[in-house]
J.: 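Shown below is the structure under consideration.
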Amino acid sequence: MTAIPADSAPSASRPNGTALHSPVIDWFDAHARDLPWRRPEAGPWGVMVSEFMLQQTPVNRVLPVYEQWLARWPSPAHLAAEPPGEAVRAWGRLGYPRRALRLHGAAVAIRERHGGQVPTEHAELLALPGVGEYTAAAVASFAYGQRHAVMDTNVRRVFARAVGGREFPPDATTAAERKLARALLPDDDPTAARWAAATMELGALVCTARTPDCVRCPITAQCAWRAAGSPAHDGPPRRGQTYAGTDRQVRGKLLAVLREAVTPVPQAALDKVWDEPVQRARALDGLIADGLVEPLDGGLYRLPLT
DNA sequence: TAGGCGTGGGT
DNA sequence: TACCCAAGCCT
């Protein structure tokens with residue numbers, strides 16, 4: 001008869017969570033990708049830059065832009081010293097270019113309010129532009145080794161399956177999900193940080209949305225979804241994103257012209273990217289309102305200098 | 001709070 | 001070919 005450690009007993013506050021820690025963290029130790037922002041030399045700024053770029057954008061597309069970005073702007077002060085338009089240009093085709101503007105704004109705020117150092121406190125991080133609940137927790141955890149429930153789409157899916165017995169989590173993060181994530185968090189800081197990275201990696205590499213690779217999953221034996229026979233998602237289909245013909249597409253085309261231009265661009269050059277004039281004007285106005293484009297006298301446009 | 005906000009690779 | 005979806009944030 002083997003002795004059972006007291007802390008492995010299931011409880012209401014921690015639904016058998018500790019039983020997941022070791023297999024998931026051990027799997028991570030063996031299979032984690034060697035990503036540049038995970039290396040010690042990345043530092044808090046490298047972690048923060050990667051988190052901005054990885055918001056809704058796959059790792060493979062982020063890698064080259066991340067390297068160029070850190071080489072050019074190795075600290076928040078370096079980025080803050082340049083016009084926001086340079087950040088938008090360097091963002092390239094990562095998508096959602098408002099993130100570039102917000103990252104620049106975060107760098108300025110870090111210079112002004114934090115002496116040029118990426119803040120260590122969750123609340124301070126959360127106050128930076130472009131930093132929400134997830135990114136604040138991620139930076140505090142990955143850069144500073146703190147204990148936070150880091151909940152991204154990967155973690156939510158892993159928990160929905162392993163613990164909830166469902167194929168997918170709800171559209172919007174629920175209080176129950178937050179409570180579960182907190183309950184599953186290991187007690188000490190370094191293990192909690194490891195757990196956060198490990199659960200994310202498991203969702204990204206094994207417990208994927210489309211075709212989960214349960215054969216390679218370290219917790220397949222404990223997975224509630226598996227135990228239930230891997231039932232398909234029930235309820236209304238998840239909200240899809242349309243793109244063709246939307247303002248987003250027009251904005252993308254307009255901004256692509258401005259990113260490539262070295263000098264201010266005349267209206268006529270922008271008019272070529274989209275035939276329908278009303279939508280084209282609306283998209284351009286939106287970009288200006290967002291601060292992504294700066295209108296000049298004489299019908300010229302450029303990426304923002306201020 | 002639901003919807004707007006880019007882009008491109010995988011299936 | 002279409003559609004899905006990818007380390008979210010903001011209003």
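Every chain is numbered from 1 and lettered A, B, ... according to where its sequence line falls, protein lines coming before strand lines.
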J.: Given 3.5 Å as the limit, does a donor-acceptor pair link the side chain of A:R194 with the main chain of A:I25, or not?
T.: no
J.: Mind checking the C1' distance from B:dG8 to C:dT1? Whole angstroms is fine.
T.: 16 Å
J.: If the P atom of B:dG3 is compared with that of C:dA7, how far apart are they to the nearest Å?
T.: 23 Å
J.: What integer distance in Å separates A:W91:CH2 from B:dG6:P?
T.: 12 Å
J.: Base, backbone or nothing for each nucleotide of nucleotides 4-11 of chain C, written B, S, -, heavy atoms under 4.0 angstrom, 5' to 3'?
T.: BBBBBSS-
J.: For A:D290 and A:N60, find the nucleotide of DNA chain B closest to each by heavy atoms; which residue's nucleotide sits nearer the 5' end?
T.: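 Nearest-nucleotide comparison on DNA chain B picks A:D290.
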J.: Determine the interatomic distance between C1' on C:dT11 and the same-named atom on B:dT1; round to the nearest Å.
T.: 10 Å
J.: Ignoring hydrogens and angles, write down the donor-acceptor pairs under 3.5 Å from the side chains of residues 63-73 of chain A, residues two or more places apart or on other chains.
T.:
{"unit_1": "A:R72", "atom_1": "NH2", "unit_2": "A:E82", "atom_2": "OE1", "d": "3.4"}
{"unit_1": "A:R72", "atom_1": "NH2", "unit_2": "A:E86", "atom_2": "OE1", "d": "2.8"}
{"unit_1": "A:W73", "atom_1": "NE1", "unit_2": "A:E82", "atom_2": "OE2", "d": "3.0"}

J.: In Å and rounded to the nearest 0.5 Å, what is the CZ to OG1 distance from A:R156 to A:T174?
T.: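 Interatomic distance, A:R156 CZ to A:T174 OG1, rounded to 0.5 Å: 7.0 Å.
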J.: Round to a whole Å and report the spacing from CG of A:L292 to P of B:dT7.
T.: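 The distance from CG of A:L292 to P of B:dT7 comes to 11 Å, rounded to the nearest Å.
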J.: Determine whether more than 12 heavy atoms belonging to other residues, nucleotides or ligands lie under 6.0 Å from atom CZ of A:R280.
T.: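 Enclosed.
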J.: Heavy-atom count check: over 12 atoms from other residues, nucleotides or ligands less than 6.0 Å from A:R216 CZ?
T.: no
J.: Does any N or O in the side chain of A:R226 come within less than 3.5 Å of the main-chain N or O of A:C223, such that one atom is a donor and the other an acceptor?
T.: no
J.: What is the distance from NZ of A:K253 to P of B:dC5, rounded to the nearest Å?
T.: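 Atom NZ in A:K253 sits about 16 Å away from atom P in B:dC5.
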J.: Distance criterion of 3.5 Å, no angle test: do you see the side chain of A:R248 paired donor-to-acceptor with the base of B:dG6?
T.: yes
J.: Quick check on DNA chain B: between A:R251 and A:A172, whose nearest nucleotide comes earlier from the 5' end?
T.: A:A172
J.: Rounded to the nearest angstrom, tell me the gap between atom OH in A:Y243 and atom C1' in B:dG9.
T.: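 My rounded result for the distance is 15 Å.
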